[in-house]
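We're numbering straight along the sequence, starting at 1.
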Amino acid sequence: MGLQIDPAFVQAAEHRPKSTISDAGSIPLIDLSPLLHHQIPSDPSDPAIADEISNLIAQIGEACKDWGFFQVVNHGVEMELLEKVEAVTKEFFALPAEEKRKVKRGEVNPMGYYDAEHTKNVRDWKEVFDFSVTEWVTPSLRLENQWPENPPEMRVVCEKYYIGVEKLGYKLLELISLSLNLAAKHLSAFYEDSNSYIRLNHYSPCNSPDLVLGVGHHKDCGGLTVLFQDEVGGLDIKRKTDGEWIRVKPIHNSFIVNLGDIIQVWSNDKYESVEHRVSVNSEKDRYSIPLFFNPASSTNVKPLEELVSEDNPPKYHEYNWGHFYKTRKDSNFQKLEKENIQIYHFKRV
């Protein structure tokens, strides 16, 4: 991207990363191996739930409440699949710019390649490729994949990866549902005709890591994010206890999971979507691959009836996820004069 930094990338002084960042008190690490031996129970009150599963549900609940982020190991996604998707990701982003732009996305169809995304009205230091296995068209949004000619195996590898990580997403959603004392499939019911998608991220080396960010500070607007990252690292989260930024240390063959705004609203603020960002490296390329695990676009999001009461009334007005998502996507293509739509715009006074 050149030695001279375009002002469009420069963060406001208060949002620039410090030269050093702590990795102390990192996010909870959760071992999902109990799921290899036990089924996820359908009902949280089932007296036959194995102790290992009860403990796992409790760990998930604590991580969601205290951090909004956690890391999982022994997750069931094959290592070979992780290696293959990382390889095709690197191969695709190594192509000449004109080759990648043959599958460039646009305002009508946000699937494909893009290198000029904005977060909080500041341009991100990254390039991305978005795809979904389930393509669909609504009056307000079209999601149609644009697969490049090279690498030739990219589509097959990416679709297999999507299926593998989506299975993990459903397991996590069931555990989160149980941790809220809901039936395991309660949240999954909103995911029929899901508009989930996967993003391949490439953050190239930057000679001014003190001025720019790979992705600016933000909260994910969807349901759940399940992220695979390489060994370079750069994901920073804002710790809830003190508001300090901490670096998430890469752990081989793990996934990082974070709650999105939809789960915050569903839980009526019992769980919170937490602010995070991506710092850039002055010497190394970084790659990461998140699944944005989102419900159907027709879903009307509001606090779940089972989690509200006279003593805990709903804290949000209802909103339509598809409209919300479309509004957020539109801001990726131009700098706005006002802040993009956020869930606090739906907060009840």
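Using a 4.5 Å heavy-atom threshold, the side chains of Phe69 and Leu235 count as touching. In this structure, Trp245 and Arg277 have side chains that are in contact, with non-hydrogen atoms separated by less than 4.5 Å. The shortest distance between side-chain heavy atoms of Asp193 and Ser298 does not fall below 4.5 Å. The side-chain heavy atoms of Asp261 and Cys221, taken from C-beta on, include a pair separated by under 4.5 Å. Two residues are said to be in side-chain contact when any heavy atoms from C-beta on lie closer than 4.5 Å; Leu32 and Leu172 meet this criterion. With a 4.5 Å cut-off on side-chain heavy atoms, Leu178 and Ile53 do not count as touching. Within the 4.5 Å cutoff, no side-chain heavy atoms of His15 are placed close to those of Lys120. Here the side chains of Asp130 and Tyr114 are not in contact, with every heavy-atom distance at 4.5 Å or above.
Here Phe129 and Tyr113 keep their ring centres 6.0 angstrom or further from each other. Centroid-to-centroid, the aromatic rings of Phe190 and Trp321 stay 6.0 Å apart or farther.
Between the side chains of Ser33 and Asp31, at least one donor N or O sits under 3.5 Å from an acceptor N or O. For the residue pair His218/His276, the side-chain donor-acceptor check at 3.5 Å is satisfied. For the residue pair Asp124/Thr119, the side-chain donor-acceptor check at 3.5 Å is satisfied. In this structure, a donor-acceptor pair under 3.5 Å is present between the side chains of His38 and Glu52.
Trp125 CH2 to Arg286 CZ: the interatomic distance, rounded to the nearest 0.5 Å, is 16.0 Å. How far CG of Leu82 is from CZ of Phe228: 4.5 Å, rounded to the nearest 0.5 Å. Atom CD1 of Ile256 is separated from atom CD1 of Ile237 by 9.0 Å, given to the nearest 0.5 angstrom. Note that OG of Ser279 is 3.5 Å distant from CG of Asp236, once rounded to the nearest 0.5 Å. Rounding to the nearest 0.5 angstrom, the gap separating the CG atom in Leu304 from the CG atom in Leu182 is 6.0 Å. Distance check, rounded to the nearest 0.5 Å: CG of Leu95 to CD of Glu149 gives 10.5 Å.
Between Glu80 and Lys84, at least one side-chain nitrogen of the basic residue sits less than 4.0 Å from a carboxylate oxygen of the acidic one, meeting the salt-bridge criterion. Salt-bridge check for Lys347 with Asp269: passed, with a basic side-chain N closer than 4.0 Å to an acidic carboxylate O. Salt-bridge formation is not detected for the pair Lys160/Glu78: no Lys NZ or Arg NE/NH1/NH2 atom is positioned less than 4.0 Å from an Asp or Glu carboxylate oxygen. A salt bridge links Asp115 with Arg101: the closest approach of a Lys/Arg side-chain nitrogen to an acidic carboxylate oxygen falls below 4.0 angstrom.
Checked by atom type and distance alone, the side chain of Ser179 never pairs as donor or acceptor with a backbone atom of Ile57 at under 3.5 Å. In this structure a side-chain-to-backbone donor-acceptor pair under 3.5 Å is present from Asn294 to Gly223. Formation of a donor-acceptor pair under 3.5 Å by the Glu318 side chain with backbone atoms of Asn300 is not found in this model. With Asn268 contributing its side chain and Pro313 its backbone, the two residues share a donor-acceptor pair below 3.5 Å. Under a 3.5 Å cut-off, the side chain of Asp46 and the backbone N or O of Ala48 do form a donor-acceptor pair. Checking side-chain atoms of His75 against main-chain N and O of Asn253 turns up a donor-acceptor pair under 3.5 Å. A donor-acceptor distance shorter than 3.5 angstrom exists from the side chain of Asn312 to the backbone of Leu307, with no hydrogens or angles considered. Ser177 places a side-chain N or O within donor-acceptor distance of the main-chain N or O of Ala183, the cut-off being under 3.5 Å. Distance alone, capped at 3.5 Å, is enough to place a donor-acceptor pair between the Gln146 side chain and the Lys104 backbone. Under a 3.5 Å cut-off, the side chain of Tyr191 and the backbone N or O of Phe293 do form a donor-acceptor pair.
The environment of Glu14 atom CD is dense: over 12 non-hydrogen atoms of other residues, nucleotides or ligands sit within 6.0 angstrom.
Residue Val280 is not grouped with residue Leu213 when hydrophobic side chains (ILVMFWY) are merged at heavy-atom distances under 4.5 angstrom, including chains of intermediate members. Under the 4.5 Å side-chain heavy-atom criterion for grouping Ile, Leu, Val, Met, Phe, Trp and Tyr, Leu200 is not connected to Val232 through any hydrophobic cluster. If you chain together hydrophobic residues whose side chains sit under 4.5 Å apart, Val72 and Met79 fall into the same group. Cluster annotation: Val77 is connected to Leu173 through the hydrophobic network of ILVMFWY side chains, with a link wherever side-chain heavy atoms come within less than 4.5 Å. Taken together through direct or relayed side-chain contacts under 4.5 Å among Ile, Leu, Val, Met, Phe, Trp and Tyr, Tyr170 and Leu291 form part of one hydrophobic cluster.
Residue Glu275 is tested with Lys219, His217, Arg239 for a side-chain hydrogen bond (donor to acceptor under 3.5 Å, both in side chains); the sole match is His217. Test Lys65, Lys240, Lys238 against Glu272 for salt bridge (Lys or Arg N to Asp or Glu O under 4.0 Å) and you get one pass: Lys240.
Nearest heavy atom pair, residue Gly68 against residue Val274, reads CA-CG2, 3.9 Å.
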